[in-house]
There are 2 protein chains.
Amino acid sequence: MLRALSEAGFSDTRARRAVVQALSESRTGATPADLLTRGRSLHAGLGQVTVYRTLEILEHLGLVRKLHQEDGCSSYATSSAGHAHHVICRTCRAAVEFEGCRIEEVLHEASARTGYKVESHFLELFGVCPACRRKK
Amino acid sequence: MLRALSEAGFSDTRARRAVVQALSESRTGATPADLLTRGRSLHAGLGQVTVYRTLEILEHLGLVRKLHQEDGCSSYATSSAGHAHHVICRTCRAAVEFEGCRIEEVLHEASARTGYKVESHFLELFGVCPACRRKK
DNA sequence: GTGAAAAATGAAAAAACTTTTCAATTTTCG
DNA sequence: CGAAAATTGAAAAGTTTTTTCATTTTTCAC
Ligand SMILES: [Mn+2]
Ligand SMILES: [Mn+2]
Ligand SMILES: [Zn+2]
Ligand SMILES: [Zn+2]
């Protein structure tokens with residue numbers, strides 16, 4: 001993630017490293033407020049604004065994706081792959097990516113039914129992760 | 001929508017009728033602020049709080065669904081069907097519902113790849129609506 | 001390495017959005 | 001028609017995000 005940032009021409013700064021690392025360590029996705037807290041343990045002077053700015057950059061680079069959950073749409077999870085989606089555990093919130101989305105038929109059907117030319121989609125799955133299932 | 005509201009035991013009030021009608025008239029989904037403006041043309045005294053409260057009720061009843069778009073997650077569109085998703089035009093923002101989502105294979109594959117037990121999903125498609133395509 | 005230019009930072013203020021409170025009004029129903 | 005219950009909306013409070021701008025940090029050419 002740091003590498004991609006500098007390859008995209010952004011400076012390598014302490015603040016950004018803190019945000020990036022805080023993000024990487026989160027299994028569940030993290031809000032800007034979460035990232036400020038976690039990030040400050042790595043760089044005490046970190047400011048909330050920089051968290052927002054770093055997220056914006058990472059999102060544009062496709063390194064991070066916003067999660068849209070029942071209780072809010074302000075958390076972000078890392079996104080290594082190109083086209084992929086997240087599956088989110090309803091119990092522990094663990095968010096993992098999965099690739100290989102074979103959703104073409106659904107898109108075609110939607111297109112046929114509505115007349116829209118479908119160009120992109122947003123898909124998020126919710127369920128229970130393996131660890132949480134074991135605990136039951 | 002009004003019928004469903006009263007069947008669910010809610011009073012039939014001028015404020016709610018204004019919000020409901022404003023919502024029904026919106027092709028693109030509407031934010032609470034939009035609904036206040038539009039709603040006030042039907043009931044001048046309408047308050048913003050009532051818009052929020054009405055949306056909350058309608059959402060719980062499944063009559064309205066939140067849209068999650070690039071520029072924000074605060075607009076709502078009516079939702080007649082049970083399980084359905086919206087397709088949103090990137091040009092004019094028209095949001096239409098489509099039913100008949102055959103997405104089971106994708107869910108199974110995601111489940112196999114991640115080990116999650118998938119219980120629900122959120123899907124939104126983006127593209128160009130028929131009217132906008134004609135204009136090109 | 002040095003130093004100037006460019007980029008980035010963060011505190012504070014402003015803006016935007018949402019929720020809570022509560023007295024007053026409206027609706028329901030016997 | 002009342003009385004009780006539900007609803008309303010202004011205002012205040014709370015929350016989140018964006019803007020500003022003086023200062024600091026990073027980069028890069030020498
Ligand atoms: Mn959202
Ligand atoms: Mn579906
Ligand atoms: Zn879990
Ligand atoms: Zn359109």
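In what follows, chains carry the letters A, B, and so on, assigned in the order in which the sequence lines appear, proteins first and then strands, with residues in each chain numbered from 1.
- A donor atom on one side chain and an acceptor atom on the other are found under 3.5 Å apart for His121(B) and His85(B).
- Taking a 6.0 Å sphere around CZ of Arg38(A), one finds it holds more than 12 heavy atoms contributed by other residues, nucleotides or ligands.
- Of the two residues contacting DNA chain D, namely Phe10(B) and Phe10(A), the nearest-nucleotide position lying further toward the 5' end is that of Phe10(B).
- Each of Gly9(A) and Thr13(B) has a nearest nucleotide on DNA chain C; the 5'-most of these lies closest to Gly9(A).
- Sorted by first and then second residue, the pairs that involve residues 15-26 of chain A and meet salt bridge (Lys or Arg N to Asp or Glu O under 4.0 Å), not counting sequence neighbours, are Asp12(A)-Arg17(A).
- Of the possible polar contacts, one joining the Thr54(A) side chain to the Thr50(A) backbone as a donor-acceptor pair under 3.5 Å is found.
- Using a distance-only test at 3.5 Å, with no hydrogens or angles considered, a donor-acceptor pair links the side chain of Ser111(A) to the main chain of Tyr116(A).
- When the shell of 6.0 Å around CD of Glu104(A) is examined, it contains more than 12 heavy atoms from other residues, nucleotides or ligands.
- Between the two ends of the helix from dG1(C)-dC30(D) to dG30(C)-dC1(D), each summarised by a five-pair axis, the helix axis turns through 40° (rounded to 10 degrees).
- Arg53(A) comes within contact range of at least one nucleobase, with a heavy-atom separation under 4.0 Å.
- The 5' end of DNA chain D is approached more closely, in terms of each residue's nearest nucleotide, by Arg14(B) than by the other of Arg14(B) and Gln48(A).
- Heavy-atom contacts of chain A under 4.0 Å fall on DNA chain D between two terminal nucleotides, which in 5' to 3' order are dT16(D) to dT27(D).
- Side-chain atoms of Thr37(A) and Asp34(A) include no donor-acceptor pair closer than 3.5 Å.
- Residue contacts for Ser74(B): at a heavy-atom cut-off of 4.0 Å it reaches the sugar-phosphate backbone alone, with no base atom in range.
- Heavy-atom contacts of chain B under 4.0 Å fall on DNA chain C between two terminal nucleotides, which in 5' to 3' order are dC17(C) to dT28(C).
- For the residue pair Ser79(B) and Arg65(B), a side-chain donor N or O sits within less than 3.5 Å of a side-chain acceptor on the partner.
- Listed by chain and number, the residues in a side chain to side chain donor-acceptor pair (under 3.5 Å) with Arg27(B) amount to none (sequence neighbours excluded).
- By the side chain to side chain donor-acceptor pair (under 3.5 Å) test, Arg133(B) is found to be paired with no residue, residues two or more places apart in sequence or in another chain being considered.
- The two residues His43(B) and Ala18(B) come nearest to each other via the heavy atoms CB-CB, 3.8 Å.
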